[in-house]
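As the structure is a computational prediction, the values presented were derived from the model and not from experiment. Here, residue 1 is the first one in the sequence, and each next residue gets the next number.
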Amino acid sequence: MIRIEHVAFWTEDLDRLVVFYSTYFGAMPGATYTNAAKGFESRFLSFDGGARLEVMRSSMLEPVKHERGAQRLGLTHLAVSVGSQQRVDELTDRLKQDGFEVVDGPRHTGDGYYESVVLDPDGNRIEITA
């Protein structure tokens, strides 16, 4: 069986993303992994159902920075299902009240989704779907 094991984000602040995904999406953070020789740190965040997100920081690399919420080639968003339209509305409202940018929605899309799009603290596009 093939499945996506995890998706990884570069960040300048591991703790900021760990708190965001733990607080709003119920992710369970793992221990920090550090490789001092490579100037690398990471943490895995585990979600119910087995999906994982890795947040990584490097003191030796300079990952390309994009405009917040940029629509770019390659990986452009992470979609997270919260189970119902009501939960999409509630989480979107909570994020907005807490100062996070809501880019779109909540709305019904032409391909049958009910979703909103918010930006995480680093400007990554997160689709919250029913």
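Contact between Ser42 and Met56 at its shortest, heavy atoms only, is CB-CG, 3.9 Å. Taking both residues in full, the closest heavy atoms of Ala27 and Leu45 are given as CB-CB, 3.8 Å, listed atom of the first, atom of the second, then distance. For Gly50 against Arg3, the heavy-atom pair with the smallest separation is O-NH1, 3.9 Å.
Formation of a donor-acceptor pair under 3.5 Å by the Arg43 side chain with backbone atoms of Gly30 is found in this model. Ser116 places no side-chain N or O within 3.5 Å of a backbone atom of Asp104 that could act as its donor or acceptor partner.
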Chi angles and distances behind the side chain to side chain contact (heavy atoms under 4.5 Å, CB included) call for Tyr21, Asp120: CA-CA 9 Å; Tyr21 288 100; Asp120 77 5; 2.7 Å; yes
In sequence, state the C-alpha distance, the side-chain angles, and the governing distance for Asn124 and Phe9, and then conclude on side chain to side chain contact (heavy atoms under 4.5 Å, CB included). CA-CA 9 Å; Asn124 298 303; Phe9 289 154; 3.7 Å; yes
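Side chains of Val117 and His77 form no contact here, defined as non-hydrogen atoms less than 4.5 Å apart. Put simply, the side chain of Leu95 reaches to within 4.5 Å of the side chain of Ile128, judged on heavy atoms. Two residues are said to be in side-chain contact when any heavy atoms from C-beta on lie closer than 4.5 Å; Thr32 and Arg57 fail this criterion. Between Val55 and Val18, the closest side-chain pair of non-hydrogen atoms falls below 4.5 Å. Ile126 has its side chain out of reach of Tyr24: every pair of non-hydrogen atoms, C-beta onward, lies at least 4.5 Å apart.
Cluster annotation: Val102 and Val80 are assigned to the same hydrophobic cluster (Ile/Leu/Val/Met/Phe/Trp/Tyr, side-chain heavy-atom contacts under 4.5 Å, transitive). Val88 and Phe25 fall within the same hydrophobic cluster, defined by Ile, Leu, Val, Met, Phe, Trp and Tyr side-chain heavy atoms under 4.5 Å apart, directly or through other members.
For the side-chain hydrogen bond (donor to acceptor under 3.5 Å, both in side chains) with Tyr114, the lone residue among Asp89, Thr129, Thr109 that qualifies is Asp89.
How far OG1 of Thr23 is from CG of Asp98: 9.0 Å, rounded to the nearest 0.5 Å. Here the straight-line distance linking atom CZ of Arg16 with atom CG of Leu14 works out to 10.0 Å at 0.5 Å rounding. To the nearest 0.5 Å, atom CZ of residue Phe100 and atom CG of residue Leu91 are 10.5 Å apart.
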